[in-house]
Amino acid sequence: MTKTETAVDTKYLFKRYETWWVKVAVPRSLRKKLGYDLRKSLQTHDLEQAQEARWAVAEEFRARIEKAQRETESKSANQDSNMVDIEVASPQKTAGARQVDEYIVEIVSDSGEGAQKCGQVLGLVSGKMGNGVWTVEIIPAEIQPPARERQGASGIRVRMGSKEMTNMGDEAEMVVAFNEQVLYSRIGNHAYKKGTVVLLESMWAEDPEEKIRNQYKDALADFAAQGLVVHELPIQKECLKLVPDPRKGKNMFVLGMLCRIFSRDIDTAKNEIAKIFKKKSDKVIKINHDLFDAGFAFAQENLDYAFEISTAEEDRMESPVVINGNTAVGLGVMAAGIELVAMYPITPATSASHYLAEDFHLTGGFVHQAEDEIAAIGFAIGASYAGKTACTITSGPGMALKTEMIGLAVMAEVPLVIVDVQRGSPSTGLPTKVEQGDLLSSLYGAAGDAPKVVIAAATISECFHFVVMARKLAESFRTPVIILTDANLATGVQPIERPEVTDEWFAPPLDQSSWDKEVAPYNWDETTGLSERPIPGMRGGEYILTGLAHNRNSKIAYDSASNQEGMNMRSRKLATLGATLKPPEIHGDPTGDLLIVGWGSTLGAIEEAVDRARAQGHKVSSVHLRFLSPLEPGLKKIFSGFKKVMTIEINYSDDPDSPLINEENRRISQLALVLRAHTLMDIQCWSKVPGHPLQPGAIGKVIQANLTETEGAEACSA
Amino acid sequence: MFGLKGDWSLEVKDRYFTLEDYCGAEPRWCTGCGDHGILAAVHRVCRESQIAPEKTVAVSGIGCSSRLPHYMKTYGFHGLHGRALPVACGVKSRRPDLDVWVATGDGDCFSIGAAHWIHAMRYNMDITLLVFDNGIYGLTKKQTSPTTPLDVPTNTHPSGALLPPLNPLTVTLGVTNISFVAQIVDWNAPLRHEVIRRAHEHKGTSFVRIIQRCPVYVESIGKALQDEPARMQLLTHEKGVQVADNVKRLFPNHAEHDPSDIAAALAIAADDSVLPLGILYHNPDAPRYDMMTSVGMEMSVDEKLAGMNRALDNFAI
């Protein structure tokens with residue numbers, strides 16, 4: 001994409017996302033007026049066409065520059081009209097923009113000021129420009145918490161990079177804050193470092209309330225003392241020039257600023273803005289475009305920050321789609337040919353159903369909003385029983401309510417896909433924040449022994465593909481399948497390779513052929529535990545499904561032999577599935593000092609931390625489990641290649657240094673507990689419940705601390 | 001009867017279903033239990049409808065009543081306590097071709113499943129809902145149910161139920177979008193059959209509360225009504241249930257009631273001096289959720305693939 005790559009004549013030309021553009025540099029004296037250069041798309045991918053078309057455009061630009069020169073010389077130029085020229089010039093690439101590999105920016109505001117929308121568009125535009133992107137939303141639990149309150153901070157982090165971004169990264173390098181109080185909540189979360197640039201709304205300095213003015217003044221001093229580089233910006237004032245109430249719209253101004261700072265493509269951004277307001281009038285779109293332009297121009301004139309993050313052709317995805325994890329789940333439901341999702345509103349899972357409510361009709365599906373969580377899964381089980389394998393999407397508290405129904409689906413072997421978008425727990429916990437707290441309850445939550453398939457998506461792409469896999473597993477193994485995702489994946493926006501959906505992914509058409517009367521409804525294969533199920537409508541297959549202990553004929557059976565056989569068969573299915581799985585891939589060398597074991601959304605952060613440690617010469621590796629029930633095979637063998645094995649998870653464990661805690665009574669994290677029981681090995685753990693995703697820096701410290709322990713030590717006796 | 005129609009034309013069907021085709025295992029309810037009669041009526045109505053057994057699904061929760069599916073030779077779903085309705089609605093949602101029955105009881109429906117009762121009535125999917133109301137928890141051995149009459153002693157309230165019983169009819173009639181509400185007693189076979197037949201015929205959720213005798217735990221409830229028929233009132237109307245004169249004569253009290261009149265139905269239901277029998281309310285035109293949940297079912301694989309690609313296009317770069 002750079003001209004240096006080509007030996008051909010590209011005078012005045014440069015290529016941007018396959019399209020050729022003309023660029024003419026502006027003399028220094030005119031830059032304030034015209035921008036660093038004038039540029040225009042030739043709207044062609046073809047070099048020869050571009051070579052031919054460039055002269056006219058270059059000529060036009062030169063004429064404009066000359067005209068401006070004459071105007072300046074005669075001092076007759078009207079200051080106000082300069083803006084028009086700047087807009088026409090559309091300087092998307094800022095001369096002197098610093099090339100960086102990646103950048104983390106945050107936008108924080110009071111709830112309802114649209115910081116998230118702003119960041120989402122920034123992420124989307126970056127993704128569309130080929131960058132790797134990871135976004136994390138900062139969501140208060142209340143819809144309208146009081147203004148200027150630290151607890152009520154609402155916002156988003158956008159990590160953009162030239163390569164694929166797999167996690168939220170460490171401290172942000174820049175933050176746009178709509179007030180100083182919300183910034184404090186992020187400072188409390190160690191979101192920033194010395195030198196982080198703060199673009200702060202300055203309106204509070206002139207607030208009619210003295211208390212607010214003082215708070216603002218104190219904060220300025222405080223931020224400076226902490227080493228933050230604060231720029232006070234009259235964002236409100238600038239927006240007031242365009243709209244009467246900038247509370248709505250300020251975010252688009254900020255988006256314009258950020259698009260200028262990060263050299264984002266203006267047209268792409270404006271298209272996304274138009275999409276957001278597509279249901280509103282053209283006037284609304286226009287106002288938001290104007291705010292965007294104003295923000296862009298404001299940053300151009302007033303801020304010296306300019307970065308370019310470019311992605312090399314070979315690092316670009318062939319055909320990316322930019323989605324978050326919940327949308328990915330929704331799309332996965334559609335691609336799996338699932339026709340029905342039954343749900344009850346629960347944060348942070350609901351947006352998956354929101355998406356489906358929007359697009360499910362495209363594949364003929366329907367979203368049933370049930371009266372409660374139990375009814376939601378009951379409805380899905382009903383549809384599944386009737387041959388239309390359905391899906392229910394929920395979060396921890398919903399899972400707790402669904403537990404009895406999950407047990408029924410296990411007992412009666414009803415295929416079912418259950419998505420649990422995990423959040424902080426227990427009880428109502430942290431509704432909007434991430435946790436990996438539902439592993440044990442998913443595995444063992446139901447009454448008695450209720451073996452089922454539990455898988456955990458580690459990436460946004462897996463949020464999609466695992467639903468497709470889950471439906472197939474559910475039907476092949478006649479079992480509920482729980483997919484664990486979490487609040488981090490749910491709201492994280494990332495470009496992923498576009499899935500090539502084929503009709504084989506869809507559920508097969510409803511089988512209504514006759515059933516051989518001689519075949520029992522639970523005709524368990526002794527070795528595998530598998531059986532085929534009759535579906536209502538199949539003549540000869542009539543049976544009464546029951547949650548009571550039953551025999552192969554689905555007849556209630558209280559006798560010991562039948563009960564034991566049923567338990568055996570349901571459990572054996574897991575062994576059958578387990579036998580088809582491969583051992584997990586090891587990230588790093590197969591032997592070493594330390595092995596980190598993770599599951600779920602921590603994949604990117606763990607691997608980034610492991611890579612950093614390995615780059616420093618440490619013998620660290622990691623494995624990431626997708627199948628939690630049944631567990632992937634070969635774990636014991638993998639673990640024995642390392643002096644120390646530990647899990648890193650976002651769930652609770654006692655800190656070993658806490659009062660009263662010793663090796664014997666320490667409550668360890670969930671996967672560690674499972675792995676200990678599974679391997680009889682000394683699996684250690686480090687886990688925290690910070691309410692935000694784990695960051696590579698924090699994991700790096702854990703790795704360092706544990707390495708000091710093991711490096712030089714003898715291999716642990718297995 | 002084999003295909004000979006009223007106009008003497010002969011309709012030859014591939015299959016003709018007899019009672020036996022719908023009768024499953026031998027019922028294990030107690031002797032004298034009202035459930036036997038209800039089951040017999042269900043079998044008969046199934047036979048009259050000639051809907052294939054494999055197209056029939058009986059869904060139930062937990063309790064004595066909920067054993068009903070096991071006594072059917074159709075498909076059946078004997079699920080969780082209180083949760084028959086969500087499952088039944090789920091079955092119907094994408095399989096409108098199936099004939100769905102729900103058997104539930106006063107504990108199952110009015111207590112643990114109360115939320116589903118209310119909402120399923122509002123969904124108004126095409127389901128026949130029979131509530132076997134014996135005023136007691138039978139399967140768990142005599143605990144107070146929401147409809148246990150005052151002062152009837154139970155194992156949880158040995159000195160008698162403390163609160164006045166719930167009136168399921170006023171509750172049901174108070175739900176938006178209800179379409180069929182009826183009440184019968186299990187021991188009057190012609191009325192029982194006729195109301196269940198009409199309920200089954202109705203397109204929408206038909207709620208039938210059946211006062212059902214439990215001779216083992218609360219014999220007094222049924223006996224009081226049987227001994228004193230004047231405590232019941234038969235609702236008559238040309239749009240209501242039609243029974244022979246000899247059946248009518250069994251009830252000293254009659255009241256002419258137009259089942260399309262919701263206000264009158266509510267007034268009748270609220271009057272606890274007498275037990276109304278027959279159809280209280282019938283509205284064949286209430287919106288049906290199953291017509292909405294089944295959208296898109298006819299879509300071809302190619303259409304779905306095209307739709308899937310359109311969906312992905314929205315996120316493409």
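Chain identifiers are assigned alphabetically (A, B, ...) following the order of the sequence lines, protein sequences preceding nucleic acid strands; residue numbering begins at 1 within each chain. Since we're looking at a predicted model, the values are computed, not measured.
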query = Relative to chain B, which of G547(A), G337(A), G407(A), A375(A) shows the most heavy atom pairs under 4.5 Å?
reply = A375(A)

Verdict with reasoning, F379(A) to T392(A), per side chain to side chain contact (heavy atoms under 4.5 Å, CB included) = CA-CA 9 Å; F379(A) 200 96; T392(A) 184; over 6 Å; no

message = Does any backbone or side-chain atom of R498(A) lie under 4.5 Å from a heavy atom of chain B? Answer side chain, backbone, both or neither.
response = side chain

Straight-line distance of S93(B) OG to Y123(B) OH, nearest 0.5 Å = 11.5 Å

ask   = Got more than 12 heavy atoms from elsewhere within 6.0 Å of CE, M291(B)?
value = no

key: Portion of T327(A) that has a non-hydrogen atom of chain B nearer than 4.5 angstrom   = side chain

Which atoms of L510(A) approach chain B - backbone, side chain, both or neither, heavy atom under 4.5 Å = side chain

Toward chain B, the part of D503(A) with a non-hydrogen atom under 4.5 Å = both

request  = Name the region of P509(A), side chain, backbone, both or neither, that has any atom closer than 4.5 Å to a heavy atom of chain B.
outcome  = neither

remark   = Most heavy-atom pairs under 4.5 Å with chain A, out of V87(B), T56(B), V59(B), D302(B), belong to V87(B)

inquiry  = I'd like to verify something: which residue of M308(B), H119(B), R83(B), M72(B) has the highest number of heavy-atom pairs under 4.5 Å with chain A?
reply    = M308(B)

Residue, of I544(A), V367(A), L362(A), that accumulates the most heavy atom pairs under 4.5 Å with chain B = I544(A)

task = Could you please spell out the steps behind the side chain to side chain donor-acceptor pair (under 3.5 Å) verdict for S206(B) and H200(B)?
result = CA-CA 7 Å; S206(B) 345; H200(B) 183 247; over 6 Å; no

request  = Apply side chain to side chain contact (heavy atoms under 4.5 Å, CB included) to the pair D21(B) and R47(B), showing each step before the final yes or no.
outcome  = CA-CA 8 Å; D21(B) 291 314; R47(B) 183 194 57 186; over 6 Å; no

note = Scored by heavy-atom pairs under 4.5 Å with chain B, the best of A386(A), G541(A), P536(A), G364(A) is P536(A)

ask   = Which atoms of L124(A) come close to chain B, meaning under 4.5 Å heavy atom to heavy atom: side chain ones, backbone ones, both, or neither?
value = neither

ask   = Could E358(A) and K279(A) be called an ion pair, given the rule that one side-chain N must be under 4.0 Å from one carboxylate O?
value = yes

task = Measure distances from R67(B) to the heavy atoms of chain A and classify the residue's part below 4.5 Å as side chain, backbone, both or neither.
result = side chain

request  = Indicate whether any N or O donor in one side chain lies under 3.5 Å from an N or O acceptor in the other, for T394(A) and K402(A).
outcome  = no

remark   = Of A311(B), A88(B), P86(B), the largest count of non-hydrogen pairs under 4.5 angstrom with chain A goes to P86(B)

query = Is chain A contacted by the side chain of L312(B), its backbone, both, or neither, given a heavy-atom distance below 4.5 Å?
reply = both

ask   = What part of A342(A) lies closer than 4.5 angstrom to a heavy atom of chain B: side chain, backbone, both or neither?
value = neither

task = Go through M334(A), Q512(A), H361(A), E339(A) and name the one with the most non-hydrogen pairs under 4.5 angstrom from chain B.
result = E339(A)

key: L331(A) vs F315(B), side chain to side chain contact (heavy atoms under 4.5 Å, CB included): CA-CA, chis, key distance, verdict   = CA-CA 11 Å; L331(A) 285 163; F315(B) 302 98; 4.1 Å; yes

request  = Run the ring-centre check on Y71(B) versus Y22(B) and record whether the distance is less than 6.0 Å.
outcome  = no

message = Go through it in stages, so that I can follow the logic: the residues are E26(B) and K73(B), the test is salt bridge (Lys or Arg N to Asp or Glu O under 4.0 Å), and I'd like the CA-CA distance, side-chain angles, deciding distance and then a yes or no.
response = CA-CA 11 Å; E26(B) 190 68 29; K73(B) 211 192 271 176; over 6 Å; no

ask   = Using 4.0 Å as the upper bound for N to carboxylate O, is an ion pair formed by D97(B) and K55(B)?
value = yes

request  = Against chain B, label E500(A) side chain, backbone, both or neither, depending on which of its atoms sit under 4.5 Å from a heavy atom there.
outcome  = neither

ask   = Quick one: what part of M405(A) sits under 4.5 Å from any heavy atom of chain B, side chain, backbone, both or neither?
value = both

ask   = Hey, what do you get for CD1 (I178(B)) to OG1 (T205(B)), rounding to the nearest 0.5 Å?
value = 10.5 Å

ask   = Looking at A376(A), G537(A), G540(A), which has the largest count of heavy-atom pairs under 4.5 Å with chain B?
value = G537(A)

key: R122(B)/E371(A) salt bridge by N-O under 4.0 Å criterion   = no

note = One option among V301(B), I62(B), T74(B) has the most heavy-atom pairs under 4.5 Å with chain A, and it is T74(B)

message = Quick check on Y543(A) against chain B: is it the side chain, the backbone, both or neither that has a heavy atom closer than 4.5 Å?
response = both

Most contacts with chain B, counted as non-hydrogen pairs under 4.5 angstrom, among L545(A), L548(A), V321(A), L340(A) = L545(A)

ask   = Are Q494(A) and V133(A) close enough, and set up right, to give a side chain to side chain contact (heavy atoms under 4.5 Å, CB included), and what steps lead you there?
value = CA-CA 5 Å; Q494(A) 200 193 20; V133(A) 179; 5.5 Å; no

key: Proximal component of V57(B), with respect to chain A [non-hydrogen, under 4.5 Å]   = side chain

ask   = Given a strict heavy-atom distance threshold of 4.5 Å, which part of Y355(A) is in contact with chain B: side chain, backbone, both, or neither?
value = side chain

query = When the ring centroid of H368(A) is compared with that of Y289(B), is the distance short of 6.0 Å?
reply = yes

key: Interchain contact, K555(A) with chain B, by part (heavy-atom threshold 4.5 Å)   = neither

request  = Describe, in one word, how the ring planes of F110(B) and W117(B) are oriented to each other, choosing from parallel (under 30°), tilted (30 to 60°) and perpendicular (over 60°).
outcome  = tilted

inquiry  = Less than 4.5 Å to any heavy atom of chain A: does that hold for the side chain of R95(B), its backbone, both, or neither?
reply    = side chain

request  = Using non-hydrogen atoms and a 4.5 Å limit, figure out which bit of A335(A) sits close to chain B: side chain, backbone, both or neither.
outcome  = both

